[in-house]
Amino acid sequence: MSIGVIGAGKWGSALAFALSEKNSVFITSRTPRDLDNFVTLDEILACEYLVVTVPAQQIADWLEENFVFKNQKILVASKGIEATSGKFLNEIYEKYVPDENIAFLSGPSFASEVMQSLPTALVINSSNEKLAQELGDLFPSFIKTYTSDDVIGAEVCGAYKNVIAIAAGICNGLELGNNAAAALISRGLVEMQRFGIAYGAKEESFIGLSGAGDLFLTASSPMSRNFRVGIGLAKGRTQKEILEALGEVAEGIGTAYALHDISVKQDLYLPIAREVYLTLEGKNPHESLKDLLTK
Ligand SMILES: NC(=O)C1=CN([C@@H]2O[C@H](COP(=O)(O)OP(=O)(O)OC[C@H]3O[C@@H](n4cnc5c(N)ncnc54)[C@H](OP(=O)(O)O)[C@@H]3O)[C@@H](O)[C@H]2O)C=CC1
Ligand SMILES: O=C(CO)COP(=O)(O)O
């Protein structure tokens, strides 16, 4: 069984490392890298399994320009909602891959800890339970995998938690304390569950690894890029300055813009996501805090 990883950034590299314990793994990326298993995209597309880590804001164009379906079994490892369309990842992929060939990875997983083979638990989400099990069996012994058929729930959890993590970083940067952080994360979980259920997600996904697990991890640590975006916003830095310093993707930014547009179009009450959007647009984070506490 050969696995082709697309995207050699932090997450693609970590998954390639982890999956190589039990499988032949190859990797490719937009920017060539001097890696023993770095191959061409054509060679990757010939693999039986594909693991895709191209960010949510770039994947639609990437698929249109590069992807050829050859009955590969695909694990989508990115997290986000496309800002330009409001589309979830399954909606973007469905134009190219049938449901029975695709699964979505979710759960609390810093790439840097996976690279150290530290214990991790993840969920493989697919309408095809057999595929989810098959993909789960590819993972190494230090990663425990679960399966779920709640693709929408997993996607909402993975995307929304990044926005709440930005808010948590703002809270940390403003030095508001642990009470405020706990309140924000708790209310953030309620907000993302309310949003997810409106899209048909299952309630239980939000109290498991995909939801509470990934939210707790990402919204509690400066290891999270999105959390670090929030710290930068609290210190009055612009998006441009923050992203230049970060040098990596922070999917919560694009997803915050997507959630804002969705909330306006569908008249949804998403107070934390709204304040993250407004802060990204230059609103004073102290004003955001006051509005969150008083409205
Ligand atoms: N890092 C983590 O801990 C985790 C990340 N994720 C998710 O994985 C996804 C990738 O994140 P991560 O790897 O950390 O981010 P990085 O910033 O480390 O890497 C981004 C990757 O996306 C590629 N890329 C960016 N833009 C394009 C484009 N326009 N066309 C093709 N490839 C592109 C980059 O290619 P190149 O570098 O070759 O130019 C690189 O391989 C995100 O959705 C993230 O939320 C999920 C769980 C954990
Ligand atoms: O998704 C992640 C952990 O599960 C990575 O979070 P960040 O993108 O905020 O670093």
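The residues of the chain are indexed from 1 along the displayed sequence. For ligands, and for the atoms within them, numbers begin at 1 and follow the listed sequence.
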Exercise for the section: Could you name the option among I6, L89, T31 that has the heavy atom nearest to atom 39 (O) of ligand 1? Expected result: T31

Problem - Cluster check I81, V229: I/L/V/M/F/W/Y, side chain < 4.5 angstrom - result: yes

Completion exercise
atom 37 (O) of ligand 1: closest protein heavy atom, distance to 0.1 Å, is R33 NH2, 2.7 Å

Fill in the blank from the handout: Candidates E248, Q58, E113, R225; heavy atom nearest atom 14 (O) of ligand 1 found on R225

Fill in the blank from the handout: Among non-hydrogen protein atoms, atom 7 (P) of ligand 2 lies closest to R225 NE, 3.4 Å

Completion exercise
closest protein heavy atom to atom 31 (C) of ligand 1 is W62 CD1, 3.6 Å

Handout entry: Atom NZ of K70: over 12 foreign heavy atoms under 6.0 Å
Key = yes

Exercise for the section: Using the side chain to side chain contact (heavy atoms under 4.5 Å, CB included) rule, take K73 and L50 through it: C-alpha gap first, then chi angles, then the decisive distance, then the call. Expected result: CA-CA 6 Å; K73 296 164 186 173; L50 299 183; over 6 Å; no

Problem - Nitrogen or oxygen atoms of G7 and ligand 1 under 3.5 Å apart - result: no

Exercise for the section: Do me a favour and list the nearest non-hydrogen protein atom to atom 19 (O) of ligand 1 with residue, atom name and distance? Expected result: G9 CA, 3.4 Å

Fill in the blank from the handout: Under 4.0 Å between heavy atoms, the region of K79 that gets near ligand 2 turns out to be side chain

Practice task
Report yes if E251 has an N/O atom closer than 3.5 Å to an N/O atom of ligand 1; otherwise report no.
Solution key: yes

Practice task
Flag the pair Y269 / S263 as yes when at least one side-chain heavy-atom distance between them is below 4.5 Å, and no otherwise.
Solution key: no

Fill in the blank from the handout: When P108, S109, S224 are each screened for side-chain contact (heavy atoms from CB on, under 4.5 Å) with L217, the one that passes is P108

Problem - Whether over 12 other heavy atoms sit under 6.0 Å from Y96 OH - result: yes

Fill in the blank from the handout: A student checking ligand 2 against L217 at a 4.0 Å heavy-atom cut-off should list atoms 3 (C), 4 (O)

Practice task
Determine, using heavy atoms of A165 and all atoms of ligand 2, whether some pair is separated by less than 4.0 Å.
Solution key: no

Practice task
Check ligand 1 against F110 and write out every atom of the ligand that is under 4.0 Å from a heavy-atom position of the residue.
Solution key: 3 (O)

Problem - Protein contact to atom 16 (P) of ligand 1 [nearest heavy atom, distance to 0.1 Å] - result: K10 N, 4.0 Å

Exercise for the section: Indicate yes or no: at least one non-hydrogen side-chain atom of F227 is less than 4.5 angstrom from one of S220. Expected result: no

Handout entry: Polar side-chain atom of T53 near backbone of I6 as donor-acceptor pair, under 3.5 Å
Key = yes

Handout entry: Nitrogen or oxygen atoms of R30 and ligand 1 under 3.5 Å apart
Key = yes

Practice task
For S78, counting its heavy atoms only, list the atoms of ligand 1 lying under 4.0 Å from any of them.
Solution key: 43 (O)

Exercise for the section: Could you verify whether a donor N or O on one side chain and an acceptor N or O on the other, from R33 and S29, lie under 3.5 Å apart? Expected result: yes

Practice task
For atom NZ of K10, decide whether the heavy atoms of other residues, nucleotides or ligands shown that lie under 6.0 angstrom number more than 12.
Solution key: no

Practice task
Report, as yes or no, whether the 6.0 Å neighbourhood of atom CD on Q116 holds more than 12 heavy atoms from other residues, nucleotides or ligands.
Solution key: yes

Practice task
With K95 as the cation and Y93 as the aromatic partner, state whether NZ or CZ is under 6.0 Å from the six-membered ring centre and within 45° of the axis.
Solution key: no

Problem - Protein heavy atom at shortest distance from atom 3 (O) of ligand 1 - result: A111 N, 2.8 Å

Handout entry: Within reach of ligand 1, part of W11 (heavy-atom separation under 4.0 Å)
Key = both

Problem - Among D61, L217, V249, T120, closest by any non-hydrogen atom to atom 11 (O) of ligand 1 - result: V249

Fill in the blank from the handout: Within the 4.0 Å heavy-atom cut-off, what S109 brings close to ligand 1 is both

Problem - E204 atom CD, over 12 foreign heavy atoms within 6.0 Å - result: yes

Handout entry: Nearest-neighbour protein heavy atom for atom 4 (O) of ligand 2, which is reported as residue plus atom name and distance
Key = D214 OD1, 2.6 Å

Handout entry: Protein contact of atom 38 (O) of ligand 1 - nearest heavy atom, named by residue and atom, plus distance
Key = S29 OG, 2.5 Å

Completion exercise
the protein heavy atom lying closest to atom 23 (C) of ligand 1 turns out to be P55 CD, 3.9 Å

Practice task
Kindly assign one of parallel, tilted or perpendicular to the pair F142 and F17, based on the angle between their ring planes and the thresholds 30° and 60°.
Solution key: tilted

Practice task
Could you list the atoms of ligand 2 found under 4.0 angstrom from a heavy atom of G107?
Solution key: 4 (O)

Problem - Geometric N/O contact A56 with ligand 1, under 3.5 angstrom - result: no

Completion exercise
Closest to atom 5 (C) of ligand 2 by heavy-atom distance, out of K161, K10, E113, is K161

Exercise for the section: Would you mind listing which atoms of ligand 2 come within a distance below 4.0 Å of any non-hydrogen atom of S224? Expected result: 7 (P), 9 (O), 10 (O)

Practice task
Specify the protein heavy atom at minimum distance from atom 9 (C) of ligand 1: its residue, its atom name, and the distance to 0.1 Å.
Solution key: T53 O, 3.4 Å

Practice task
Measure A77 to ligand 1 on non-hydrogen atoms and call it side chain, backbone, both or neither using the 4.0 Å cut-off.
Solution key: backbone

Practice task
Would you kindly say whether N125 and D150 are connected by a side-chain donor-acceptor distance under 3.5 Å?
Solution key: no

Practice task
State, yes or no, whether a side-chain contact exists between I262 and L268 at a heavy-atom distance under 4.5 Å.
Solution key: yes

Exercise for the section: Check whether any side-chain heavy atom of F88 sits under 4.5 Å from a side-chain heavy atom of I152, and report yes or no. Expected result: yes

Practice task
Please could you name the atoms of ligand 2 that T218 approaches to less than 4.0 Å, counting only its heavy atoms?
Solution key: 3 (C), 6 (O), 9 (O)

